[in-house]
2 protein chains.
Amino acid sequence: MKNTVSISQENYLKVIFKLQNEHGIASNQSIAEKLEATPAAVTGMLRKLASLEWVEHTAYQGAVLTAKGQRIAISTIRKHRLWEVFLVDKLKFKWDAVHQWAEELEHIGDADFTERLDAFLGCPATDPHGDPIPDANGDWTGNERVIGADKLSREQIFTVRGVSNSASDFLQHLDALNIHLGKRFEVLDHFPFDGSWEWSDENGESLRISREVAGQLLVELSKKEK
Amino acid sequence: MKNTVSISQENYLKVIFKLQNEHGIASNQSIAEKLEATPAAVTGMLRKLASLEWVEHTAYQGAVLTAKGQRIAISTIRKHRLWEVFLVDKLKFKWDAVHQWAEELEHIGDADFTERLDAFLGCPATDPHGDPIPDANGDWTGNERVIGADKLSREQIFTVRGVSNSASDFLQHLDALNIHLGKRFEVLDHFPFDGSWEWSDENGESLRISREVAGQLLVELSKKEK
DNA sequence: ATAATTTTTTAATCTCACCTAAACAATAAC
DNA sequence: GTTATTGTTTAGGTGAGATTAAAAAATTAT
Ligand SMILES: [Mn+2]
Ligand SMILES: [Mn+2]
Ligand SMILES: [Mn+2]
Ligand SMILES: [Mn+2]
């Protein structure tokens, strides 16, 4: 009766959780892509997870987590993000290098371990990419005031709060642009031709931002004053 | 050609390393016991490790690590002990609770990761059980002055430096006796009848130590003065 | 509505690490 | 030096988690 969850199962539950939040249901193919596995492998695992009552699987439709499955997924995400904080804050990794290791560390430790880690890190609210860290009960509050940087208008002042893409090539590009979480900018201009932007930072230095970059940056509007 | 080492393989190499240091060669059965596997499973893995050139396996004799195998084993031991320091120093685990987690954590991270962890922990020389932590090159110096507490004689003054058994029941027993690394004692008496001892601590409190406990405590003699 | 395409499932295999039981070597006992 | 005992290997098999290739269902296009 030891219903213990395997590493592979945790990875599946985590991916299904994220897909389900985006599209309401996780399709076989979308799961396969994220996990770099074949659709056939996904079918097999979904049957397994369904038999464990962690997902509900409707043939040819896709999968949705049960309450129990969601609990496991959120706990894994919590551990993933806490470890990312550890890697950046304590081990001084760059934010583009932590995902791979957190992907392994997230499978280690029980509830007690996780609470110790959380306390040691000072109970951080977000991970190095601005993603919220669920609390020990699995609850969390996303920052509701955060919007995509491609939704801004001229003269708005805003603070960078997160990224919707944590791939290292994107994060390294942000480093090259000297864009990091917590930095404030003002929108100087927007160019419909290519969707690009001109922003200025707090020192008045102006920089150009491509549509691709703005589309994956999450920002929070500031009160009108600078 | 990706010659990557699996978790199971690292566990085998680590166990073979320790057995080989004790007995010159690691027998099939001794490996099986430590890993809680059957001798048949060990034979299979030894064939695999031999084909990877990490051990030399002579049928019916036993296994010895190659230079490459030794490198992997020592690196795993280094990671294990560094993680144990992390768990005790940073996450405030008791020393009897860290082994199980370190057994998993030791398989995570590359050389760069390990050096960051080492630096973060302040390059500790020993783990929470007094075992030496190999350096990044795989070199380490055991404390040559350390002897078993069952080798002491009356009136000798000594400091507890380590344990030769890290099982949690033993460590918890030491906690109950209020014996910890770094604590100094003096030998008051030794009783050949049952091999037990009488020691006194620095406050003059005397305590009785069984043969079993003394046999698994590692101590360092102090200069004659108290 | 039928045909073409895409997605999912099934079926048959694979690898890894393990198991039990039987055969076989090496050691120890007499 | 046979015999008994112990240790090791072989043979056959399991289960988890993958794979490829073919069949089947769902979706989209004509
Ligand atoms: Mn993972
Ligand atoms: Mn993250
Ligand atoms: Mn291990
Ligand atoms: Mn230790």
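Side chains are part of it too, since the values below use all heavy atoms of this structure and drop only hydrogens, waters and symmetry mates. All values derive from a computational prediction rather than experimental measurement.
Regarding A/Gln29, its CD atom lies at a distance of 16 Å from the P atom of D/dA26, rounded to whole Å. As a whole-Å value, the separation of A/Asn28 CG from C/dT10 C1' is 13 Å. In this structure, A/Ile25 atom CD1 and D/dT27 atom P are separated by 11 Å, rounded to whole Å. When the P atom of D/dG17 is taken as reference, atom CG of A/Leu49 falls 9 Å away, rounded to whole Å. As rounded to whole Å, 10 Å separates atom P of D/dA16 from atom CE of A/Met45. In this structure, A/Leu46 atom CG and C/dT7 atom P are separated by 16 Å, rounded to whole Å. Look at CZ on A/Arg47: it is 8 Å from P on C/dT9, rounded to the nearest Å. Across the protein-nucleic acid pair, A/Glu10 atom CD and D/dG17 atom P stand 12 Å apart, rounded to whole Å.
Proximity of B/Lys48 to the phosphate of C/dA17: no side-chain N or O atom is located under 4.0 Å from OP1 or OP2. Phosphate contact (OP1/OP2 of D/dA16, side-chain N/O of A/Tyr12, threshold under 4.0 Å): absent.
Comparing C/dT9, C/dA26, C/dC16 by their closest approach to the side chain of B/Tyr60 singles out C/dA26. Looking at the side chain of B/His57, the nearest of the listed nucleotides D/dT9, C/dT9, C/dT27 is D/dT9. With C/dT27, D/dG17, C/dC18 as the choices, the nucleotide that has an atom nearest any side-chain atom of A/Ser6 turns out to be D/dG17.
Taking the six-membered ring where tryptophan is involved, the planes of B/Phe113 and A/Phe93 are tilted, since the angle between them lies from 30° to 60°.
Map A/Ser8 and B/Ser30 each onto its nearest nucleotide of DNA chain D; the residue landing nearer the 5' end is B/Ser30.
Of the listed residues (A/Leu49, A/Leu46, A/Val64, A/Ile16), just one forms a side-chain contact (heavy atoms from CB on, under 4.5 Å) with A/His57, and that residue is A/Leu46.
Applying a 4.0 Å cut-off to non-hydrogen atoms, the residues of residues 34-43 of chain A that approach DNA chain C are A/Pro39, A/Ala40, A/Thr43, listed by residue number.
A cation-pi arrangement is absent between A/Lys48 and A/Tyr12 under the rule of less than 6.0 angstrom and at most 45 degrees off the ring axis. Figure legend: B/Lys90 and A/Phe86 shown without cation-pi pairing, the cationic atom not lying both under 6.0 angstrom from the six-membered ring centre and within 45 degrees of its axis.
Around the CD atom of A/Glu212, the shell of radius 6.0 Å holds more than 12 heavy atoms that belong to other residues, nucleotides or ligands. Annotation: A/Glu53, atom CD; neighbour count of heavy atoms from other residues, nucleotides and ligands within 6.0 Å does not exceed 12.
Minimum heavy-atom separation, A/Gln9 to A/Thr4: OE1-O, 4.0 Å.
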